[in-house]
Amino acid sequence: MSGKITLVGIGPGAVEHMTQRAREAIAEADVVVGYVTYIKLVADLLEGKEVVRKGMTEELDRAVSALEAARAGKKVALISSGDAGVYGMAGPTYEVLFQAGWTPADEVQVEVVPGASAINACAARVGAPLTHDFCSISLSDLLTPWPVIARRLDAAAQADFVVALYNPKSGRRTRQIVEAQRLFLRHRRPDTPVAVVKSAYRRRERIEFTTLDTMADSEIGMLSTVLIGNSHTFVRDGLMVTPRGYANKYDIEQGGETRDGERAGRSLSTGLLGWLETLHAQLAEGHTLADLARLHGLPADYLAATLAEPVEIAAGSTSNDEGEG
């Protein structure tokens, strides 16, 4: 008999937030493998099943147990909270599989069932903080060197991303969140909105709104996700919102009319094409590439390469892309 491993993202934890496919995968399984806390979250779905409970740092053991059961012809649901592919069990499981000689042609089948990650669940609980560009960074240095994490934090802060910090603090890792705050304060205002969400949609959910300069004083633990706003994020009436950018093109106070120099359904006047026109004009005025690099905060070699492109190639498509997000 050929077995199967289904990597199941169970979402925030409440059954009503699990996808239909996630519930089906657990129902179909002979064996359910997972971290003890995650097993508790789906306890109502486990009647009559073999359950393998593992500890917090036993990710590879979970993957090995799943593979052994699948090799024995069983259907296995290997569960992760949130999404199995976002700081979850999908990656470690594929590593174990490849090391064991598995290929997609193997008789043991593998399926990944997506789920809502903590960044989605926490964002939904506080408003709409992810409406513009965002990223997630884990502060866990159990497997990642701190200099790597620090460089990512600094780059994301400088680039003005909304940032979700996963694994921000634990009983033994208390300084990482302080260092993250220190790096962000190099680039962001002290009053930048921050939301700390613990156990979103679970029984002990806790939400705290704070600011960048005081966020390290908040109640933060391993079950928390820290959402740091960008330079435009605001909190109003208990809701954290990051504008999509419509105000750059439309005058909301004037009934949504397009601003001077802007066209509905077209890139901003300060979008790529308009910006390239500005660069060429600045060069014609006598600015050097080094001047432009400092002015725009971009590498000089990038500016040189993009300015070398023929104008007709740079012009690109004229199709309507309004609302493309």
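These numbers were taken from a predicted model, which means no experiment stands behind them.
T214 and D217 share no donor-acceptor pair across their side chains, judged by distance under 3.5 Å alone. Defined by atom type and a distance below 3.5 Å, a donor-acceptor pair is present between the side-chain atoms of H296 and Q282.
With hydrogens and angles ignored, the 3.5 Å screen pairs no side-chain donor or acceptor of N167 with any backbone N or O of L139. The main-chain N or O of E58 is never found under 3.5 Å from a side-chain atom of D61 such that the two would form a donor-acceptor pair. Looking only at distances, a side-chain donor or acceptor of D83 sits under 3.5 Å from a matching main-chain atom of G115. With hydrogens and angles disregarded, a donor-acceptor distance shorter than 3.5 Å links the side chain of R188 to the backbone of G229. Side-chain atoms of T131 come within 3.5 Å of backbone N or O of A128 as a donor-acceptor pair. Of the possible donor and acceptor atoms, one in the side chain of T288 sits under 3.5 Å from a partner among the backbone N and O of D291.
Taking the side chain as every heavy atom from C-beta outward, Y94 and V112 approach each other to under 4.5 Å. Looking at L307 and L279, their side chains come closer than 4.5 Å, going by heavy atoms from C-beta outward. At least one side-chain heavy atom of M215 sits less than 4.5 Å from a side-chain heavy atom of I228. Within the 4.5 Å cutoff, side-chain heavy atoms of E219 are placed close to those of K198. E50 is listed as a side-chain neighbour of K74, based on a closest heavy-atom distance under 4.5 Å. You'll find the side chain of R202 reaches within 4.5 Å of the side chain of S81, heavy atoms only. Looking at heavy atoms from C-beta onward, L165 lies out of side-chain contact with T225 at the 4.5 angstrom threshold. Put simply, the side chain of K169 does not reach to within 4.5 Å of the side chain of Q176, judged on heavy atoms.
Put simply, V194 and V162 are part of two different groups of oily side chains (I, L, V, M, F, W, Y) that touch within less than 4.5 Å, one to the next. Linking ILVMFWY side-chain heavy atoms closer than 4.5 Å, directly or via other members, places V33 and V64 in a single hydrophobic cluster. Under the 4.5 Å side-chain heavy-atom criterion for ILVMFWY residues, a single connected hydrophobic cluster contains both L289 and Y302. Under the 4.5 Å side-chain heavy-atom criterion for grouping Ile, Leu, Val, Met, Phe, Trp and Tyr, L227 is not connected to L185 through any hydrophobic cluster. In this structure, V226 is a member of the same hydrophobic cluster as F184, with clusters built from ILVMFWY side-chain heavy atoms closer than 4.5 Å.
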Exercise for review: Begin with the C-alpha distance, continue with both residues' side-chain angles, and end with the deciding distance and a verdict on side chain to side chain contact (heavy atoms under 4.5 Å, CB included) for T233 and V241.
Suggested key: CA-CA 6 Å; T233 303; V241 177; over 6 Å; no
Practice item. Step by step, work out the side chain to side chain contact (heavy atoms under 4.5 Å, CB included) result for F134 and I119. Key: CA-CA 10 Å; F134 61 89; I119 191 172; 3.6 Å; yes
Practice item. Report the C-alpha separation of T242 and L130 in whole Å, then their side-chain angles, then the decisive distance to 0.1 Å, and conclude whether the side chain to side chain contact (heavy atoms under 4.5 Å, CB included) test is met. Key: CA-CA 6 Å; T242 301; L130 308 180; over 6 Å; no
Practice item. Step by step, work out the side chain to side chain contact (heavy atoms under 4.5 Å, CB included) result for L276 and T306. Key: CA-CA 8 Å; L276 287 173; T306 195; 3.8 Å; yes
**Study point:** Stepwise side chain to side chain donor-acceptor pair (under 3.5 Å) test for T211 and D191
**Key:** CA-CA 5 Å; T211 54; D191 63 349; over 6 Å; no
Exercise for review: Report the C-alpha distance between D106 and T103 in whole Å, list the side-chain angles of each, state the deciding distance to 0.1 Å, and finish with yes or no for side chain to side chain donor-acceptor pair (under 3.5 Å).
Suggested key: CA-CA 5 Å; D106 195 288; T103 71; 5.6 Å; no
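H17 is linked by a ring-ring contact (aromatic ring centres under 6.0 Å, His included) to Y201, counting only residues two or more places apart in sequence or in another chain. In this view, Y87 and Y166 satisfy the ring-ring contact (aromatic ring centres under 6.0 Å, His included) rule, not counting sequence neighbours. Considering only residues two or more places apart in sequence or on other chains, S269 meets the side-chain hydrogen bond (donor to acceptor under 3.5 Å, both in side chains) condition with E262. Applying the ring-ring contact (aromatic ring centres under 6.0 Å, His included) criterion to F209, with sequence neighbours excluded, gives no partner residue.
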Which side-chain N or O atoms in residues 143-154 pair as donor and acceptor under 3.5 Å with protein atoms at least two apart or in another chain?
residue	atom	partner	partner atom	Å
D154	OD1	R186	NH1	2.4
D154	OD1	H187	NE2	2.8

Without placing hydrogens or testing angles, list every side-chain donor-acceptor pair under 3.5 Å for residues 8-16, not counting sequence neighbours.
none

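Going from atom CD1 of I177 over to atom CD1 of I220 covers 4.5 Å, rounded to the nearest 0.5 Å. Expressed to the nearest 0.5 Å, how far CD of E111 lies from NZ of K75 amounts to 11.0 Å. How far OG of S170 is from CE of M222: 6.0 Å, rounded to the nearest 0.5 Å. Taking CD1 from I5 and CZ from R71, the interatomic distance works out to 8.0 Å, rounded to the nearest 0.5 Å. From L46, atom CG reaches atom CD1 of I26 across 7.0 Å, with rounding to the nearest 0.5 Å. One distance of note links CG of L78 with OG1 of T93; it measures 4.5 Å at 0.5 Å rounding.
A salt bridge is defined here as a Lys NZ or Arg NE, NH1 or NH2 lying under 4.0 Å from an Asp or Glu carboxylate O, and R206 with E208 meets this definition. The existence of a salt bridge linking E179 and R175 is confirmed by a sub-4.0 Å separation between a basic side-chain nitrogen and an acidic carboxylate oxygen. Contact check on E28 versus R21 returns a salt bridge, with a Lys/Arg side-chain nitrogen under 4.0 Å from an Asp/Glu carboxylate oxygen.
Scanning both residues, Q109 and S2, for their nearest heavy atoms gives NE2-OG, 4.4 Å. Shortest non-hydrogen contact noted between G85 and A90 is CA-CB, 3.9 Å. Here the shortest heavy-atom pairing between G34 and I39 reads O-CG1, 3.7 Å. The two residues V76 and A69 have their closest heavy-atom pair at CG2-CB, 3.6 Å. Annotation for V42 and M18: closest pair CG1-SD, 4.2 Å, computed over non-hydrogen atoms. Of all heavy-atom pairs between V86 and S117, the closest is CG1-OG, 3.5 Å.
Classified by interplanar angle (parallel below 30°, tilted 30° to 60°, perpendicular above 60°), the ring pair F98/W102 is tilted.
Sparse packing is recorded around NE2 of H232, with 12 or fewer heavy atoms of other residues, nucleotides or ligands lying under 6.0 Å away. The 12-atom threshold is not exceeded at CD of Q99, counting heavy atoms of other residues, nucleotides or ligands nearer than 6.0 Å. For R259, the CZ atom is densely surrounded, since the number of other residues' heavy atoms within 6.0 Å is greater than 12.
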